[in-house]
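First comes the structure, then the notes that go with it.
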Amino acid sequence: MEKRVRTRFAPSPTLPLHMGGVRTALYSYLFAKKNSGDFILRIEDTDQNRFVQGAEQYIIDALNWCSIVPDEGIGKGGKFEPYRQSERKPIYRQYAEQLIESGHAYFAFDTAEELEQLRKNAETEKRTFSYDASVRSLLNNSLNLNPDETAKRIAEGKHYVIRLKVEAGEEISFTDLIRGKVVFKSDVIDDKVLLKSDGMPTYHLAHIVDDVLMEITHAIRGEEWLPSAPAHILIYKYLGWENKMPYYAHLPLLLKPDGNGKLSKRDGDRLGFPVFPLQWKDPSSGEISTGYREKGYYAEAFVNMLALLGWNPGTEQEVFSLDELTQLFSFEHIHKAGAKFNPEKTKWFNEQWLQRMNDVEIANRLSTQIANSRKDLTYFIKAVALLKPRVQFENEMLEKGKYLFEAPENYDEQVISKKWKPDLKPFFNSLVAAFASLNDFANSNIETTFKETTAANNLKPGEVLQLLRVFISGQGTVLIYFQCLNYWAEMKWLLD
RNA sequence: GGCCCGUUCGUCUAGGGCUCUAGGACAUCUCCCUUUCACGGAGGAAACACGGGUUCGAUUCCCGUACGGGCUACCA
């Protein structure tokens with residue numbers, strides 16, 4: 001029987017989760033759900049220096065907003081608790097020690113300063129220093145020390161790390177779910193640190209131990225991990241876990257809209273679009289970065305856009321709910337190249353979702369945003385029907401259709417001075433009277449009434465139409481005219 | 001520099017040997033609808049990075065080059 005599919009999203013709580021991370025989470029979620037499996041949220045907080053207050057909660061809130069809800073993990077619990085790596089600290093050491101015993105890892109006593117110096121020296125000689133098979137016999141580690149000396153140093157409390165011993169001259173390959181077979185030479189892989197001097201594991205060790213212990217079947221992550229994948233393959237092998245190794249899928253990166261390079265927070269600031277799902281306030285600087293939610297995007301639209309950035313359904317449909325995405329998702333349709341993010345198309349997705357939203361629900365939300373509104377819900381529903389096709393965002397309706405909810409604060413003087421003549425006053429008075437006597441405010445009625453009244457006053461529509469618009473809205477060019485007279489009864493200000 | 005990944009309209013992408021006169025969407029332009037603004041409709045401009053193979057036949061397969069990206073920490 002096939003193993004139950006289990007995927008995980010394993011962010012580190014160092015920065016607020018940005019849209020690239022959300023996409024990784026989304027694909028992991030979709031794949032798990034498509035295969036009736038589990039989606040797990042694990043927090044990789046092994047770097048204690050980079051801990052950011054509130055980041056973990058932010059991740060949970062952001063995923064919740066997107067409806068990418070874990071079945072198991074942080075904030076949810078599950079049979080593999082704990083799901084925070086800092087709380088699993090003791091677990092990792094035993095595997096690092098197992099690797100030492102089997103000869104696949106060793107203690108290294110080189111200090112960070114020493115290594116930095118070596119890197120600097122190499123740089124001046126236009127080489128790169130890599131802690132690997134070619135130099136490890138020259139360095140300060142248990143491979144070169146006799147066992148007693150090593151034991152003594154450890155007993156003395158000397159700082160050390162545990163490094164993976166990568167043998168030279170091997171070929172390492174694995175099959176990536178998106179890229180197919182990928183081959184590396186072991187010579188170019190360095191002896192990665194497995195356990196840091198503070199006793200915490202590095203990502204390399206921790207994610208492998210946890211993926212196996214938590215029975216993860218598919219590890220989906222960003223392409224930036226591809227170069228270290230062969231080291232990971234080796235760790236599985238040396239730990240005797242070859243048959244427990246999950247499939248790996250390395251996702252293409254999200255690129256900045258202009259130029260090249262991966263999308264970063266800076267691009268959002270520079271180009272004026274959000275890179276975060278939710279607003280984030282940096283706890284140390286107090287700096288606020290806006291989020292898609294705060295900008296008025298629907299979570300559905302945000303998720304929809306993200307899903308299509310690097311994946312496609314193979315058809316020409318573009319608007320999908322999470323459920324539909326779940327049905328259709330597959331690795332075969334993930335594009336291999338990085339995708340430049342397009343803020344304009346993101347707005348279009350929101351527009352598509354807006355047009356599909358229920359008018360009554362929107363009206364309910366909008367009506368609470370207008371203080372002291374005397375308009376009833378029925379009025380709001382009609383206004384929404386009118387405004388909705390003309391905007392991309394729900395909250396845009398309030399701005400663009402302001403005059404549907406309150407009298408204009410000022411009137412377009414230019415139009416008035418150009419078009420207004422005192423002898424038009426009788427016409428407007430009779431128009432108001434004519435409208436007031438209408439009991440059916442169907443568009444055609446209003447338009448007919450308007451035309452009849454102008455004709456009766458020997459006027460052409462063009463002579464007074466723009467003025468009418470100004471009287472209604474304050475503006476000479478405006479969204480609507482006849483339709484909005486549906487709300488005649490509400491527009492008392494017109495009588496002045 | 002080294003290693004790895006990639007390369008179809010400006011952008012997201014479909015297509016994976018003959019069906020490609022390369023399809024769709026966003027953006028852009030023109031027209032229609034509308035005495036406004038949108039929506040909508042019709043149409044236009046716009047791409048297979050380059051060079052070699054393989055093949056009867058390459059956008060599609062292989063190799064190289066160019067270009068782009070990623071990685072190269074006791075960060076993830």
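Every chain is numbered from 1 and lettered A, B, ... according to where its sequence line falls, protein lines coming before strand lines. All values below come from the heavy atoms of this structure, side chains included, with hydrogens, waters and symmetry mates left out.
- Side-chain contact between A:W280 and A:L17 is absent, with no heavy atoms from C-beta onward closer than 4.5 Å.
- OP1 or OP2 of B:A76 has at least one side-chain nitrogen or oxygen of A:K196 nearer than 4.0 Å.
- Atoms CD (A:E224) and P (B:C5) sit 16 Å apart, rounded to a whole Å.
- B:A47: no Watson-Crick or G-U partner with both key distances under 3.5 Å is found in any strand.
- Here B:C4 is the nucleotide among B:C4, B:A38, B:C71 with the atom lying nearest to any side-chain atom of A:F184.
- Heavy atoms of A:K262 sit under 4.0 angstrom from primed sugar atoms or phosphate atoms, though from no base atom.
- Nucleotide B:C4 holds its C1' atom 6 Å from the CG atom of A:L226, rounded to whole Å.
- Phosphate proximity of B:A76 to A:R50: absent, as no side-chain N or O sits under 4.0 Å from OP1 or OP2.
- Of the nucleotides present, B:G53 is the one that pairs with B:C61 by Watson-Crick or G-U wobble criteria, both distances under 3.5 Å.
- Nucleic acid contact for A:H333: sugar-phosphate only, since backbone atoms but no base atoms lie under 4.0 Å from a heavy atom of the residue.
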#### Entry: Sugar-phosphate or base contact per nucleotide [nucleotides 7-12 of chain B; S, B, -; heavy atom under 4.0 Å]
S---BS

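- With the nearest nucleotide of RNA chain B identified for both A:T202 and A:K126, A:K126 has the one nearer the 5' end.
- The nucleotide B:U30 finds its pairing partner in B:A42, both defining distances of the Watson-Crick or G-U wobble pair being shorter than 3.5 Å.
- Remark: P of B:A76 and CZ of A:R8 are 14 Å apart, rounded to the nearest angstrom.
- Ring orientation note: the planes of A:Y248 and A:Y236 are nearly perpendicular, at an angle over 60° on the 30°/60° scale.
- Under the 3.5 Å distance criterion, with hydrogens and angles disregarded, a donor-acceptor pair is assigned to the side chains of A:Q117 and A:N121.
- Rounded to the nearest Å, the gap between the C1' atom of B:C33 and that of B:A42 is 11 Å.
- Nucleotides B:U72 and B:C63 place their P atoms 27 Å apart, quoted to the nearest Å.
- By the 30° and 60° cut-offs, the orientation of the rings of A:F174 relative to A:F184 is parallel.
- For the atom pair A:S86 OG and A:Q48 CD, the distance stands at 7.5 Å (nearest 0.5 Å).
- Under the Watson-Crick or G-U wobble criterion, with both distances below 3.5 Å, B:C67 is paired with B:G6.
- Between A:H104 and A:Y238, the ring-plane angle classifies as parallel under the 30° and 60° cut-offs.
- To the nearest whole angstrom, the two P atoms, one in B:U55 and one in B:A49, are 23 Å apart.
- Within the 4.0 Å cut-off from OP1 or OP2 of B:C74, at least one side-chain nitrogen or oxygen of A:R119 is found.
- Nucleotide B:U21: unpaired (no Watson-Crick or G-U wobble partner with both distances less than 3.5 Å).
- The distance between atom CG of A:L254 and atom P of B:G70, rounded to the nearest whole Å, is 13 Å.
- Between B:C9 and B:A47, the two P atoms lie 9 Å apart (nearest whole Å).
- Distance from the side chain of A:N312 is smallest to B:U13 among B:C75, B:G24, B:U13.
- A:D110 comes within contact range of at least one nucleobase, with a heavy-atom separation under 4.0 Å.
- Out of B:C39, B:C75, B:C5, the shortest distance to the side chain of A:D47 is found at B:C75.
- One cannot find a donor-acceptor pair under 3.5 Å joining the base of B:G2 and the side-chain atoms of A:T128.
- Residue contacts for A:T111: at a heavy-atom cut-off of 4.0 Å it reaches a base atom on one of the strands shown.
- Note that the CZ atom of A:R84 and the CD atom of A:E87 stand 4.5 Å from one another [nearest 0.5 Å].
- The residues A:R93 and A:E97 are annotated as salt-bridged, a charged nitrogen and a carboxylate oxygen being separated by less than 4.0 angstrom.
- As rounded to whole Å, 13 Å separates atom P of B:C74 from atom CG of A:D132.
- Residue-level contact check: A:T14 touches neither bases nor backbone, having no heavy atom under 4.0 Å from any strand.
- The structure places CH2 of A:W353 at 10.5 Å from CZ of A:F320, a figure rounded to the nearest 0.5 Å.
- Taking OH of A:Y92 as the reference point, atom OG1 of A:T202 lies at 10.5 Å (rounded to 0.5 Å).
- Atom C1' of B:G15 sits at a distance of 39 Å from the matching atom of B:U34, rounded to the whole Å.
- B:C74 and B:G70 are spaced 22 Å apart, taking the C1' atom of each and rounding to whole Å.
- Distance noted for atom C1' between B:U8 and B:C32: 33 Å (whole Å).
- Counting non-hydrogen atoms under 4.0 angstrom, A:V193 reaches the backbone sugars and phosphates but no base.
- Taking every side-chain heavy atom of A:Y203 into account, B:A76 is the closest of B:C74, B:A76, B:C3.
- Among B:C71, B:U13, B:C39, the nucleotide with an atom closest to any side-chain atom of A:P389 is B:C39.
- Separating the CG atom of A:D190 from the C1' atom of B:G2 is a distance of 13 Å, rounded to the nearest angstrom.
- Annotation: proximity of residues 165-175 of chain A to RNA chain B (heavy atom, distance under 4.0 Å) is found for no residue.
- For B:C37, the base has a donor-acceptor partner in the side chain of A:R390 [N/O atoms by modelled type, under 3.5 angstrom].
- Residue A:D191 forms a salt bridge (Lys or Arg N to Asp or Glu O under 4.0 Å) with just one option from A:R136, A:R163, A:K165, and that option is A:R136.
- The nearest whole Å value for the distance from the CZ atom in A:R127 to the C1' atom in B:G1 is 12 Å.
- The side chain of A:T315 contributes no N or O atom lying less than 4.0 Å from OP1 or OP2 of B:G24.
- Checked against B:G69, B:A27, B:C74, the side chain of A:E344 finds its nearest nucleotide in B:A27.
- Taking every side-chain heavy atom of A:W348 into account, B:C26 is the closest of B:C5, B:C26, B:A76.
- Shown here for A:G338 and A:L255, the closest heavy-atom pair between the two residues is C-CD2, 3.7 Å.
- One N or O on the side chain of A:R23 and one on the backbone of A:L309 form a donor-acceptor pair closer than 3.5 Å.
- In this structure, A:K185 and A:E170 have side chains that are not in contact, with every pair of non-hydrogen atoms separated by 4.5 Å or more.
- Going from the C1' atom of B:C3 to that of B:U13 covers 30 Å, rounded to whole Å.
- In this structure, the CD atom of A:Q85 is 9 Å from the P atom of B:A76, given to the nearest Å.
- The residue A:G261 sits close only to the backbone: its heavy atoms come under 4.0 Å of sugar-phosphate atoms, none of a base.
- In this entry B:U72 has B:G1 as its Watson-Crick or G-U wobble partner, both defining distances falling under 3.5 Å.
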